[in-house]
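First up is the structure itself, then whatever we jot down about it.
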Amino acid sequence: MTSVVTSHEDGHHGPAKGLMRWVLTTNHKDIGTMYLWFSFTMLLIGGAMALIIRAELFEPGMQLIEPEFFNQMTTMHGLIMVFGAIMPAFVGLANWLVPMMVGAPDMALPRMNNLSFWILPFAFGMLILTLFSEAGAPNFGWTFYAPLSTTYAPSSVTFFIFGVHLMGISSIMGAINIIATILNMRAPGMTLMKMPLFVWTWLITAYLLIAVMPVLAGVVTMMLMDIHFGTSFFNAAGGGDPVLFQHVFWFFGHPEVYIMILPAFGIVSQIIPTFARKPLFGYASMVYATASIAFLSFIVWAHHMFTVGLPLATELFFMYATMLIAIPTGVKVFNWVSTMFRGSMTFETPMLFALAFVVLFTIGGFSGLMLAIAPADFQYHDTYFVVAHFHYVLVPGALFAIIAGVYYWIPKWCGNYYNETLGKWHFWLSFIGVNITFFPMHFVGLAGMPRRIPDYALQFADFNAVASVGAFIFGFSQLLFLYIVITTIRGNNKASAEVWEGAEGLEWTLESPAPYHSFSEPPEVK
Amino acid sequence: MQAQSSVVKSSLRLTLAAVLMFGFGFAMVPLYDIFCEITGLNGKVQQSVITTDMQVDRSRLVKVQLIAANNAEMPWRFTSLQDEVELHPGDWKQVGFWAANVTDNYMVSQSVPSITPARAAQYIEKRECFCFQQQPLEAGESKQMNLVFTISPDMPDDIHTVSMVYTLFDASAYSEANKLVARVD
């Protein structure tokens, strides 16, 4: 064993054997794989919590769980899906793909890469274990507004704070690594404006992460100090202000929602040209649209706070600034549609998920525009309409893009094609399930059903029953995804190097599966 | 090696950016207060004594509603002695609030004002306010607490009614006496 590990001179060796391979690895492909499996595990855990929520909401009245536990479920579901499922999945994809796409042998800082992954299981272990504590898990919603999360919080809030600190450190290290890789390790000839869009969107996302994850760390630190050290950041009795919490939180929180969608834009911008067999309609406009969205994300945060009592001028500013985001987003949607126009399209599973992304994300974008209208938001605020909106942008938005990316690149990762028939089954079950789940939420929200409640008025019963049925269809069809991925890894349907007819990019010049060490010599980029 | 040193350079720069943004999170606390005080947003009023007299505007009367509220965790009884007063802008007015500590313990209170409409906040001037200091009461004790204020004649004349809410908080944990004890410890 020792001799295998130490004889590195030629640089061409496979992975080490056994468990320690995964603990000690500095290989970007290994770490990417671990990130992806971690986020899939979190998706199943967070999804199980969502099913508990939907089971309780299947009919009015209290049937299955206590209201206190219901609150813990909504909180943990949100935290796990945002920080445990979506974000690590994107980091995993970046680990796998960014070095291969820019022609680098590995990430710029491989040891830090290992550390930033291995922090995550501890962060989420700490968070999830609070469920088994006497105080119960955090129950104040994923937005953890003070004073709910300070004065009235369960004692487990301290574990939550340290958990958030850890995942923040992990994200910041991941972002530093990705930027350092993209800026310094590109193959000769790979200028910035030749980079694949997935790399571009991740570069911008990584800057967003570095700008706002420290602010999140700051806000939970203030909570920690209010709870344990007698400060009054958010306590009016001591001269603080609970509304300040919302400002600081959403200064992080709004760029955060773009952190969860920009890499998805990148993935879809890789997939659609491949299956339309046409280059992307407007590459440069995509890059500038992404950068504009990132910039605007910093000046719109108070649209989450229209009802806290903002003065009119502030409401108007944040309303117009928010609506401005529709312009670069529209540029993107038209770009994808124009790319497909008169293309020779085929509809393999990655393309199906990417198409569903374009359609359903746009629905989520439109409901976002409705919410951006300050006077109308007074009706929509804290109703299921908001729940419908952000689930449309995060589930058939971010999550579908991740799934599309997995189907698209998995032949490159493990050298086998997935089963196309099962992939299509997975797509249609997910597509139908997601819409049955979240579309009715628009209606109950507009009719006034508040979010984060375990019981509701009778008139909302039918739509809630429908949504719950859809949730179970969607949830269990993800087990099919697990089955497809495992059979692909173990499968024998060998993939070619190019994998997809019409796929462009350096990663497709490598054999399938991609060798453990790739691009030790920088490739030629024309 | 060229590439390695540029990797180190970008990593250090990005780490510095992350540290600065952590600091920026905390800098938002004073920035937020300064912003609210300058603009009068959030009903923030100047918490300082004003002594200069100003021209009294006899041409109009402004109605001021006085509301006393308890924070959810504050067991004292707290009411305003006048529900509503009228004054000419520039005229000084004294009003009273009454607080009773109905618990069995010595407690310290802090009241926090809030003005509606928020854009009136910057025109409220106070000569004396029980909200300037923490107010202690022994168990069972009660007292009248005074507020001497006026409204600046500069206030836009489309504002006819101003509501002043004082919310009473339990500040025993933050009292000056407690801080002294803590410092001695």
Side-chain angles (χ1 to χ4, degrees), chain A residues 104 107-109 112 147 151-152 168-169 171-173 175-186 206-207 209-222 225 230-241 243-245 247-249 251-252 308-314 522, chain B residues 2-33 35-36 39-44 47 71-74 108-114 116-119 121 134 167-175 178-179 182:
Chain A
M107 298 293 279
L109 304 152
M112 195 166 87
T151 315
Y152 304 101
I169 291 170
S171 293
I172 292 168
M173 290 198 299
I176 291 177
N177 212 341
I178 287 166
I179 298 177
T181 307
I182 297 174
L183 293 187
N184 300 302
M185 312 260 298
R186 298 194 308 280
Y207 277 110
L209 279 168
I210 286 176
V212 301
M213 291 309 282
V215 176
L216 174 70
V219 74
V220 293
T221 307
M222 291 179 211
M225 290 161 82
T231 58
S232 303
F233 286 102
F234 309 127
N235 186 347
D241 191 338
V243 178
L244 170 68
F245 175 90
H247 281 290
V248 185
F249 176 80
F251 184 83
F252 146 80
V308 299
L310 298 176
L312 185 62
T314 319
Chain B
Q2 179 69 41
Q4 200 53 41
S5 75
S6 56
V7 165
V8 171
K9 206 191 265 175
S10 15
S11 318
L12 287 178
R13 273 194 202 143
L14 294 165
T15 312
L16 180 70
V19 172
L20 288 178
M21 284 310 292
F22 184 72
F24 176 74
F26 283 86
M28 278 168 94
V29 178
L31 287 176
Y32 173 75
D33 276 342
F35 185 78
C36 289
T39 53
L41 295 182
N42 208 9
K44 288 239 170 171
Q47 293 287 71
N71 177 251
E73 304 212 318
M74 184 56 166
V108 179
S109 74
Q110 171 70 55
S111 49
V112 177
S114 175
T116 311
R119 65 200 175 97
Q134 293 176 339
T167 308
L168 202 65
F169 286 86
D170 175 7
S172 304
Y174 308 98
S175 71
N178 259 7
K179 274 182 199 154

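Chain naming here is simple, since letters A, B, ... match the order of the sequence lines and numbering starts at 1 in each.
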Query raised in the report: Are the side chains of M21(B) and F252(A) in touch, meaning some heavy atoms are under 4.5 Å apart?
Result: no

Query raised in the report: Can you say whether N177(A) sits under 4.5 Å from chain B via the side chain, the backbone, both, or neither, judging by heavy atoms?
Result: neither

Query raised in the report: Heavy-atom distance under 4.5 Å to chain B: side chain of F234(A), backbone, both or neither?
Result: neither

Query raised in the report: Just how far is it from atom CE of M185(A) to atom OG of S6(B), taken to the nearest 0.5 Å?
Result: 9.5 Å

Query raised in the report: Looking at OG of S11(B) and CG of N184(A), how far apart are the two atoms once the value is rounded to the nearest 0.5 Å?
Result: 7.5 Å

Query - Leading residue by heavy atom contact count with chain B [cutoff under 4.5 Å; candidates A211(A), A180(A), A206(A)] - result: A211(A)

Requested in this report: Identify which part of S109(B) has an atom lying under 4.5 Å from any heavy atom of chain A, answering side chain, backbone, both or neither.
Outcome: neither

Query raised in the report: Can you say whether F24(B) sits under 4.5 Å from chain A via the side chain, the backbone, both, or neither, judging by heavy atoms?
Result: side chain

**Report entry** Leading residue by heavy atom contact count with chain B [cutoff under 4.5 Å; candidates V219(A), I179(A), V212(A)]
**Finding:** I179(A)

Query raised in the report: Considering residues at least two apart in sequence or located in another chain, which fulfil the side-chain hydrogen bond (donor to acceptor under 3.5 Å, both in side chains) criterion with T167(B)?
Result: none

Report summary line: Looking only at L14(B), L20(B), V29(B), L168(B), most heavy-atom pairs under 4.5 Å shared with chain A are made by L14(B)

**Report entry** Heavy-atom contact with chain B under 4.5 Å, split by part of I172(A)
**Finding:** side chain

Query raised in the report: Under a 4.5 Å heavy-atom cut-off, does chain B meet the side chain of L216(A), its backbone, both or neither?
Result: neither

**Report entry** 4.5 Å side-chain heavy-atom contact, Y32(B) and V248(A)
**Finding:** no

Query - Heavy-atom pair count under 4.5 Å with chain B, highest-scoring of V215(A), T151(A), I176(A) - result: I176(A)

Report task. Look up atom CZ in F169(B) and atom CG in N235(A), then write down how far apart they are to the nearest 0.5 Å. Result -> 7.0 Å

Report summary line: Closest non-hydrogen contact found for M28(B) with H247(A) is CE-O, 4.1 Å

